[in-house]
Protein chains: 4
Amino acid sequence: MTQAPRWRRRKEARPSEIVDAALGAFVERGYAATRLEDVAARAGIGKGTLYLYFSGKEELFKAVVRQHLLPALAAAERRVETADGPTPALLAEVLGTLIAAAAGPMGAIPKLVIGEAANFPDLARFYADEVVARGFGVLRALVARGVERGEFRPMDPDAVAPLLAAPMLLTALWKNALEPHASRELDTATMARTAVELLQLGLLPRREEGP
Amino acid sequence: MTQAPRWRRRKEARPSEIVDAALGAFVERGYAATRLEDVAARAGIGKGTLYLYFSGKEELFKAVVRQHLLPALAAAERRVETADGPTPALLAEVLGTLIAAAAGPMGAIPKLVIGEAANFPDLARFYADEVVARGFGVLRALVARGVERGEFRPMDPDAVAPLLAAPMLLTALWKNALEPHASRELDTATMARTAVELLQLGLLPRREEGP
Amino acid sequence: MTQAPRWRRRKEARPSEIVDAALGAFVERGYAATRLEDVAARAGIGKGTLYLYFSGKEELFKAVVRQHLLPALAAAERRVETADGPTPALLAEVLGTLIAAAAGPMGAIPKLVIGEAANFPDLARFYADEVVARGFGVLRALVARGVERGEFRPMDPDAVAPLLAAPMLLTALWKNALEPHASRELDTATMARTAVELLQLGLLPRREEGP
Amino acid sequence: MTQAPRWRRRKEARPSEIVDAALGAFVERGYAATRLEDVAARAGIGKGTLYLYFSGKEELFKAVVRQHLLPALAAAERRVETADGPTPALLAEVLGTLIAAAAGPMGAIPKLVIGEAANFPDLARFYADEVVARGFGVLRALVARGVERGEFRPMDPDAVAPLLAAPMLLTALWKNALEPHASRELDTATMARTAVELLQLGLLPRREEGP
DNA sequence: CATGAATGAGACTTCATTCAT
DNA sequence: TATGAATGAAGTCTCATTCAT
């Protein structure tokens, strides 16, 4: 149907297949302990084929981070921008979604970036400025919206945003790093519900502060 | 009093000096990228001398974690157990202390453990069960105390504890992994103050819930 | 006259185009450091196409040597065989031509062969026996001619031939290997003139040796 | 007897042992085809030990060149500077020595440098400027001495020097690269004698040029 | 005929660990 | 007890060669 030249079809799918394989491997063993040969095996290709698509381990790592985080982030931004309705409900929804996502495999990425930040300064910068800052931005906007509409107490959105993100981070790291080895589980649903409840209450205007 | 000749003192201090050197090295480069030769150099000893005190890199890593976390944890436990006075104030104090500590070099340890959890399952288990669980225990006790004394709404302390820990974790990781590379700083003091305010309000009994 | 369709011309030219491309690449980077992909690119063909004409890198190398040296050698042989006139003038002409040729790109071939002799014994043998020996043969014939005609002192042509070849070799290697990196140039014309002068005088009969 | 610290004795001999082993290996197979593992085996050490003394293959190569050529060069310089007696005899002695040396294993170094010049520009520059230029300098001084003392015709020493060097170069390359594979040998002694004879005669004042 | 995607053997290099001194 | 020279397993990366298209 498409006029794709013979081999291209495969070639175009490859990078993304490799990145997926790499994510899996990195998540399981960490960046340093992952052998490129394993990544290749997971992707069902030869060792050298990796180098047709990525200039080395480092580039592959960066590609993993970029490919898996930016789409999710963009989705979150859009959700908040286009939302209407009461802010507390929006907060509940966003927090719930984030925490649920953090419990999944995507939550392994922060672990990777945090662990390797010292060895990949530019990746750390990218992650800090483009992912974390943008993520905080979404939450800041959410808080500002609530404050403006009188649904939240007047608070500095810059100071509050990290606190909204914190439960998600904790979930991501616990679920992807420690829980597999721990003797007790964390109930994500309860976690999310409690977080929303606690933060909502913390943000709502106190009665005596009202008019 | 002890008949130990002077130079024994040095010998007895060695393991701890080495562990300190190792912590510094691990924090700066991560576990895998740290060369034992660098640790030895930091400790001012020869490469081979390390092996007189630790059986290898792995043991050294575990010693780092054990040595630096358990004392802080024990201190926190004692503080809560022996405290009297209103719980909200105690919460403020504990959270403030924890977040401040997380911003310091000790906050680098979670980063290490999280990053290497997959490669050191028994260390991960140790950390999850002995450090995290015990840490949560302190916070759980704190919440339970407030609930019992009617200072907090009735809530499940198990569900709330992680939420109290989350800002500390975020601080630890941000300060020790990303901020050195990021273009913006996190104001720890504001962070702590806002966290306390938000969580206190979220925990306090709502007026209409009172009698 | 031939019924070959036009595009066959291209096909027939291919091997020679490839050999030219290979010569350029080998000369620039050396045999081992030359990637077949670069040769293909220089020749304007695909990597796999090389293998339709040459069975591998080694064959290609041999083809380069054979194709570029034998014609020049045959020309030199013919020149000496058919020459008449005084031998000193012929010596001057031949030496001048050889040194001039050595300064050009063809002079890069000795460099290649010499550098790879150990890895290509049969090529080394071919070069030693078919190129060098034949080349020496031309010079030997030249000297013998001069001796026979009483224009040169009686000398062993076998012993003199290498000495006539030496300036050419030095020129070839200097121009093609070292000069590009050196801070001083070699003046080929002066070199040739001085060589001819020196060798002519060295070969001419001394007056007291005459009758 | 020496107060050399335990391991030092060995450590100090090592670099030179390794360089010797490397020279042998490079000469036999060429730079690119030589595996560091072979060099190590020749030196009787482990693969990794090489890296305690040389930062890599490239450094090792450069060390080989520097270590083996500069002493011989310095010796030649001294010989000419301190010589007295007639210049033609000095010329005979120097040329004879050089050609004899070129026929030995040291003569393999030019082959190496020439073959790898393109891949080691700085080594090529070093060799061209420090070895070749200095070598030419010795010969230039020799010629100038003869001219000044009226033992040689007035000639430009700069133009003559390369011609004196050429037989040595040819000997070095033939003996070390091609002859092992060729069916005929080059008689070094005859070569040297003929070269001296030819060049001396070429340089001596012609009778009619005298007063 | 021509291509270039895919491969995997092989080389360089690093570094945890050992052990003679 | 302390050292650091030595080691070799293991990992990253290159590139000649193959073969489906």
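Note on naming: letters A, B, ... go to the chains in the order of the sequence lines (proteins, then strands), and numbering restarts at 1 for each one.
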* To do: Using a cut-off of 6.0 Å, state whether more than 12 heavy atoms not belonging to R29(C) lie near its atom CZ.
  => no
* Using whole Å, report how far CG of L50(D) lies from C1' of dT7(F). => 12 Å
* Asked: How many Å lie between CD on E17(D) and C1' on dA6(F), as a whole number?
  -> 14 Å
* Asked: Looking at A117(C) and A177(D), what are the two nearest heavy atoms and their distance?
  -> CB-O, 3.5 Å
* Could you please name the partner base of dT12(F), counting Watson-Crick and G-U wobble pairs only when both distances are under 3.5 Å? => dA11(E)
* Asked: Rounding to a whole Å, what distance do you find between R35(D):CZ and dG8(F):P?
  -> 15 Å
* **Interatomic distance, F54(D) CZ vs dC12(E) C1' [rounded to whole Å]** => 16 Å
* Structure fact -> Contacts of G48(C) and Y31(D) projected onto DNA chain E by closest heavy atom; the upstream (5') one is G48(C)
* To do: Give K57(B) one of three labels, base, sugar-phosphate or nothing, depending on what nucleic acid heavy atoms sit under 4.0 Å from its own.
  => sugar-phosphate
* Choose from dA6(F), dT17(E), dC13(F) the nucleotide whose nearest atom is closest to any side-chain atom of L36(B). => dT17(E)
* To do: May I ask you to decide if L36(C)'s main-chain N or O and K47(C)'s side chain share a donor-acceptor pair within less than 3.5 Å?
  => no
* Structure fact -> Of the candidates dA2(E), dT17(E), dT13(E), the side chain of Y51(B) sits closest to dT17(E)
* Asked: Where the side chain of K47(D) is defined as all heavy atoms beyond and including C-beta, which of dA6(F), dT13(E), dC15(E) is the nearest nucleotide?
  -> dT13(E)
* Asked: Rounding to a whole Å, what distance do you find between D38(C):CG and dT14(F):C1'?
  -> 12 Å
* Would you say the side chain of R14(A) lies within less than 4.5 Å of the side chain of T49(A), judging by non-hydrogen atoms? -> yes
* Integer-rounded Å distance: dA10(F) C1' and R29(A) CZ -> 14 Å
* Asked: Between E37(D) and T49(D), which is nearer to the 5' end of DNA chain E once each is assigned its nearest nucleotide?
  -> E37(D)
* Asked: dA6(E) pairs with which nucleotide, Watson-Crick or G-U wobble, both distances below 3.5 Å?
  -> dT17(F)
* What is the nucleic acid contact for L52(C), judged by heavy atoms within less than 4.0 Å: base, sugar-phosphate only, or nothing? -> base
* Nearest to the side chain of Y53(A) - dA2(E), dA5(E), dA16(F)? -> dA5(E)
* **A25(D) versus T34(D), closest heavy-atom pair with distance** => O-OG1, 3.2 Å
* Spacing of F61(B) atom CZ relative to dT17(E) atom P, expressed in whole Å -> 14 Å
* Plane angle bin for Y31(D) and F26(D) - parallel if under 30°, tilted between 30 and 60°, otherwise perpendicular -> tilted
* Are R14(A) and dA6(E) close enough that a side-chain N or O sits under 4.0 Å from OP1 or OP2? -> yes
* Structure fact -> Between G46(D) and G56(C), the residue closer to the 5' end of DNA chain F by nearest nucleotide is G46(D)
* Rounded distance in Å - CD (E58(D)) to P (dC12(E)) -> 13 Å
* Which part of the nucleic acid does T34(A) contact within heavy-atom distance under 4.0 Å: base, sugar-phosphate only, or nothing? -> sugar-phosphate
* Asked: If you measure from the P atom in dT21(F) to the same atom in dC1(E), how many Å do you get, rounded?
  -> 22 Å
